[in-house]
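Please read the structure below before turning to the comments.
Side chains are part of it too, since the values below use all heavy atoms of this structure and drop only hydrogens, waters and symmetry mates.
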Amino acid sequence: KALKNVLIFKRDISIYNYAIGASKCEMEMNISQSEDCSSLLTITQLQDEIYPGTRKKNTQKVKVSKLVDFISSNELNNNSLIKIDVQGYELEVLKSASDLLKKIKYIYVECSFKELYKNQASADDVINLLAANDFKLSGIYNFVNDKKGVSLQSDFFFERKINN
């Protein structure tokens, strides 16, 4: 609702009240005390230790659909960028976009090295899926480390190897 209010005068933007995943279904969203940490995956104790105040406060049923249900490859040009920051559900979003990946040139995605959400995909999983789809890792940004200096997560920038 807040996003709709911010974008009320933008005619070329569509807002869909769905989570994105590999299949159409209904799931429980784990609502965090800090709403930007909410996820379709269970919030781990490590997440709350590293980011105090991100513990789950409740759940909410949400509709889940594939990205291809909202964007067709015809709507994309060969310079399209997709940005993904979905609290551990990145691999599922990418799986839902398999038909679109051929038209996307850049992908900017947050990936974790430690399990902040139960059963989340690792950075390696995301890198491997994108490498299999002709993307190369071009940069890693915004490293987040724990108090001991162990890397927890970063933003990864991928670029298509072959421009179709």
Side-chain angles (χ1 to χ4, degrees), residues 1-71 80-101 104 106-130 137 139-158:
K1 186 175 179 177
L3 185 59
K4 277 187 177 181
N5 291 338
V6 170
L7 300 172
I8 195 166
F9 297 108
K10 300 287 186 182
R11 302 268 183 234
D12 57 345
I13 295 176
S14 299
I15 299 171
Y16 303 96
N17 197 16
Y18 286 83
I20 300 298
S23 62
K24 284 187 172 186
C25 61
E26 190 170 272
M27 292 179 70
E28 290 281 329
M29 173 75 75
N30 295 289
I31 308 298
S32 167
Q33 292 173 345
S34 175
E35 288 186 5
D36 63 339
C37 294
S38 298
S39 178
L40 291 173
L41 301 176
T42 302
I43 300 165
T44 66
Q45 184 175 341
L46 178 62
Q47 166 75 16
D48 192 49
E49 287 171 11
I50 294 166
Y51 303 103
T54 59
R55 178 178 305 130
K56 180 174 94 173
K57 68 177 180 181
N58 60 28
T59 60
Q60 178 180 337
K61 283 198 180 293
V62 296
K63 295 177 190 173
V64 179
S65 199
K66 293 180 167 191
L67 190 59
V68 296
D69 293 334
F70 303 103
I71 302 171
S80 295
L81 170 125
I82 185 169
K83 186 205 185 286
I84 305 168
D85 183 352
V86 291
Q87 309 317 108
Y89 217 63
E90 293 78 13
L91 196 64
E92 297 304 310
V93 170
L94 288 166
K95 287 177 183 177
S96 83
S98 60
D99 296 340
L100 301 175
L101 291 179
I104 295 170
Y106 306 104
I107 298 176
Y108 192 78
V109 58
E110 181 183 69
C111 296
S112 296
F113 304 110
K114 299 289 182 184
E115 191 177 59
L116 301 176
Y117 297 89
K118 189 173 182 180
N119 298 322
Q120 76 180 77
S122 68
D124 284 343
D125 296 330
V126 172
I127 292 167
N128 290 336
L129 179 110
L130 290 175
L137 180 59
I140 304 175
Y141 307 94
N142 304 317
F143 280 92
V144 176
N145 300 322
D146 67 12
K147 292 176 184 174
K148 296 177 184 174
V150 175
S151 293
L152 300 170
Q153 63 186 29
S154 294
D155 293 330
F156 289 67
F157 183 70
F158 295 88

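- Glu92 is not listed as a side-chain neighbour of Leu94, based on a closest heavy-atom distance of 4.5 Å or more.
- Inter-residue side-chain proximity for Ile20 and Ser96 is flagged as met; some heavy-atom pair is nearer than 4.5 Å.
- The shortest heavy-atom contact between Leu100 and Ile71 is CD2-O, 3.5 Å.
- Closest non-hydrogen pair, Ile43 versus Arg55, comes out as CD1-C, 4.4 Å.
- Ser32 places no side-chain N or O within 3.5 Å of a backbone atom of Lys56 that could act as its donor or acceptor partner.
- Thr59 contributes no side-chain N or O that, together with a main-chain N or O of Asn30, makes up a donor-acceptor pair within less than 3.5 Å.
- The two residues Val68 and Ala97 have their closest heavy-atom pair at CG1-CA, 4.3 Å.
- Annotation for Glu110 and Asp85: closest pair OE1-OD1, 2.8 Å, computed over non-hydrogen atoms.
- Between Gln153 and Lys114, every side-chain heavy-atom pair lies at or beyond the 4.5 Å cut-off.
- Judged by distance alone, the side chain of Glu90 and the main-chain N or O of Gly88 form a donor-acceptor pair under 3.5 Å.
- Once rounded to the nearest 0.5 Å, the distance linking CG of Asn119 with OG1 of Thr42 reads 7.5 Å.
- Using a distance-only test at 3.5 Å, with no hydrogens or angles considered, no donor-acceptor pair links the side chain of Ser80 to the main chain of Ile104.
- Atom OG of Ser154 is separated from atom OH of Tyr141 by 11.5 Å, given to the nearest 0.5 angstrom.
- Between Gly53 and Gln33, the shortest heavy-atom contact is O-CB, 3.1 Å.
- For the residue pair Glu115 and Thr44, the shortest heavy atom distance occurs at O-OG1, 3.2 Å.
- The environment of Tyr51 atom OH is dense: over 12 non-hydrogen atoms of other residues, nucleotides or ligands sit within 6.0 angstrom.
- Contact check for Lys118 versus Leu41: no side-chain heavy atoms found under the 4.5 Å cut-off.
- In this structure, Asp48 contributes its side chain and Gln45 its backbone to no donor-acceptor pair below 3.5 Å.
- Between Val109 and Asp155 the shortest side-chain heavy-atom distance does not fall below 4.5 Å.
- In this structure a side-chain-to-backbone donor-acceptor pair under 3.5 Å is missing from Ser23 to Lys66.
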Applying side-chain contact (heavy atoms from CB on, under 4.5 Å), run through Ile107 and Leu101 and close with a yes or a no.
-> CA-CA 9 Å; Ile107 298 176; Leu101 291 179; 3.8 Å; yes
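- Using a 30° and 60° split on the angle between ring planes, Phe157 and Tyr108 fall in the tilted class, from 30° to 60°.
- There is a side-chain donor-acceptor pair under 3.5 Å between Ser151 and Asn145.
- Within the model, atoms CD of Glu49 and NZ of Lys147 stand 9.5 Å from one another, a figure rounded to the nearest 0.5 Å.
- More than 12 heavy atoms of other residues, nucleotides or ligands sit less than 6.0 Å from atom NZ of Lys83.
- The number of heavy atoms from other shown groups lying within 6.0 Å of CD (Glu26) is above 12.
- Asp146 contributes a side-chain N or O that, together with a main-chain N or O of Val150, makes up a donor-acceptor pair within less than 3.5 Å.
- You'll find the side chain of Ile127 reaches within 4.5 Å of the side chain of Phe156, heavy atoms only.
- In the model, Asp36 has a side-chain atom that pairs as donor or acceptor with a side-chain atom of Ser34 under 3.5 Å.
- For the pair Glu28 and Lys61, the minimum side-chain heavy-atom distance is below 4.5 Å.
- Between Tyr89 and Tyr117, the ring centre distance reaches or exceeds 6.0 Å.
- Judged by distance alone, with hydrogens and angles left aside, the side-chain atoms of Asp69 form no donor-acceptor pair with the main-chain N or O of Ser65 at under 3.5 Å.
- Counting heavy atoms from C-beta outward, Phe70 and Tyr18 have side chains that approach closer than 4.5 Å.
- A side-chain donor from one of Gln120 and Ser112 sits under 3.5 Å from a side-chain acceptor of the other.
- Distance check: Cys111 SG to Ile140 CD1 gives 9.0 Å after rounding to the nearest 0.5 Å.
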